[in-house]
Amino acid sequence: RPTVLTCGMGQFGVGFCFTVCYGALLTKTNRIARIFSGDTHKKPIKCSSQGSQVIILLLLTGVQVIVSLVQLVLSPPAVTHYYPDRFHSFLVCYDEGEYVYLLGLGFPCILIVLCTVYAVKTRSVPSAYNEARHIAFAMYMTCAISMAFIPLYFVSTDVKVKTISLCVFTNLNSTVVVANLYVSKLYVIIAAPEKNTRQHYSQKARSLSNNMGVNSASKQGEQKRSDSVNSSSR
């Protein structure tokens, strides 16, 4: 049976959990995009340490906490009776307005869009750093699921349909993210243990640094050639 506490936890928890999940993915994809942006040889990368990433995630989570508290003030949790017909009655969480509930999901949706943009930018990173590709695939599937279930939730007037669509939406998104981020790692641990060694990852790190060095050198060479062409034309 729903209570005021469980209804309040539901309003607060959905947006908070999405923010923690996609906020972490956003900080990670943003860091990867800045590393491979091509400007790393000109100036050092700021806010790329683990501590900086944690602080950014805490700031994003703090924004969602404030938004969720405003949502709870505008629409206090309550329990009401829902009558699908004359013979049945169900206790459900009272919702004053769909737009108030949308307020709690607005910030996570912004994080999902930004994370998808950075995932597109990092889709062509070197093969030694293939975690960005798994994140990109997870974000593509998240956007597809969101476009299917969010309109269904806000268009439907049936409480059962809205509850089921919200549950399916959250479960599918969490399953997609977990599967894309951890299935490949589990495969390496279980089926390919020879790749789960320090020597293998050291080779990948060396090849990654070599690729970055080659790319940086080629860009510097192209810049020098363009400068020389411009000076000769003058």
Side-chain angles (χ1 to χ4, degrees), residues 1-29 53-117 135 138-182:
R1 298 179 60 182
T3 62
V4 175
L5 178 61
T6 56
C7 292
M9 291 176 61
Q11 290 184 11
F12 182 87
V14 175
F16 179 80
C17 293
F18 275 116
T19 300
V20 172
C21 176
Y22 294 105
L25 293 180
L26 176 60
T27 55
K28 190 175 187 65
T29 52
Q53 302 295 300
V54 173
I55 292 174
I56 294 174
L57 178 59
L58 291 177
L59 292 175
L60 295 176
T61 306
V63 173
Q64 177 59 32
V65 169
I66 295 174
V67 172
S68 297
L69 292 177
V70 173
Q71 176 193 359
L72 292 176
V73 171
L74 296 177
S75 178
V79 180
T80 185
H81 286 273
Y82 169 67
Y83 300 95
D85 51 50
R86 294 185 300 172
F87 306 101
H88 298 86
S89 174
F90 299 97
L91 280 176
V92 296
C93 295
Y94 178 67
D95 187 8
E96 290 186 358
E98 296 175 350
Y99 297 103
V100 176
Y101 195 80
L102 183 62
L103 179 64
L105 293 177
F107 187 67
C109 290
I110 295 174
L111 295 181
I112 291 174
V113 172
L114 292 176
C115 190
T116 304
V117 171
I135 296 176
M139 298 313 303
Y140 301 154
M141 296 186 67
T142 298
C143 291
I145 294 171
S146 301
M147 288 187 293
F149 283 95
I150 290 181
L152 177 63
Y153 178 85
F154 289 103
V155 170
S156 177
T157 57
D158 191 350
V159 175
K160 294 182 180 179
V161 175
K162 296 179 70 171
T163 303
I164 293 173
S165 62
L166 181 61
C167 294
V168 172
F169 169 69
T170 54
N171 284 316
L172 278 180
N173 277 331
S174 59
T175 302
V176 164
V177 172
V178 171
N180 281 279
L181 294 182
Y182 293 104

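Only this structure's heavy atoms are used, side chains among them; waters, hydrogens and symmetry mates stay out.
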Gap separating the [atom1] atom of [X] from the [atom2] atom of [Y], nearest 0.5 angstrom:
X    : Y    : atom1 : atom2 : result
I66  : T61  : CD1   : OG1   : 11.5 Å
L172 : C167 : CG    : SG    : 11.0 Å
L57  : T27  : CG    : OG1   : 5.5 Å
Q53  : L26  : CD    : CG    : 9.5 Å
L60  : I55  : CG    : CD1   : 12.0 Å
C21  : F16  : SG    : CZ    : 12.0 Å

Are any non-hydrogen side-chain atoms of [X] and [Y] less than 4.5 angstrom apart?
X    : Y    : answer
L166 : F149 : no
L114 : I110 : yes
V14  : P108 : no
N180 : I135 : no
M139 : Y22  : yes

Check whether [X] reaches the backbone of [Y] with its side chain - one donor and one acceptor, N or O, closer than 3.5 Å.
X    : Y    : value
S174 : N171 : yes
T29  : L25  : yes
S75  : L72  : no
Q64  : G104 : yes

Identify the two heavy atoms, one from [X] and one from [Y], that lie closest to each other, and give their separation to 0.1 Å.
X    : Y    : result
N173 : S146 : ND2-OG, 4.3 Å
P77  : Q11  : CA-NE2, 4.1 Å
C7   : A78  : SG-O, 3.8 Å
I112 : C143 : CG2-SG, 4.2 Å

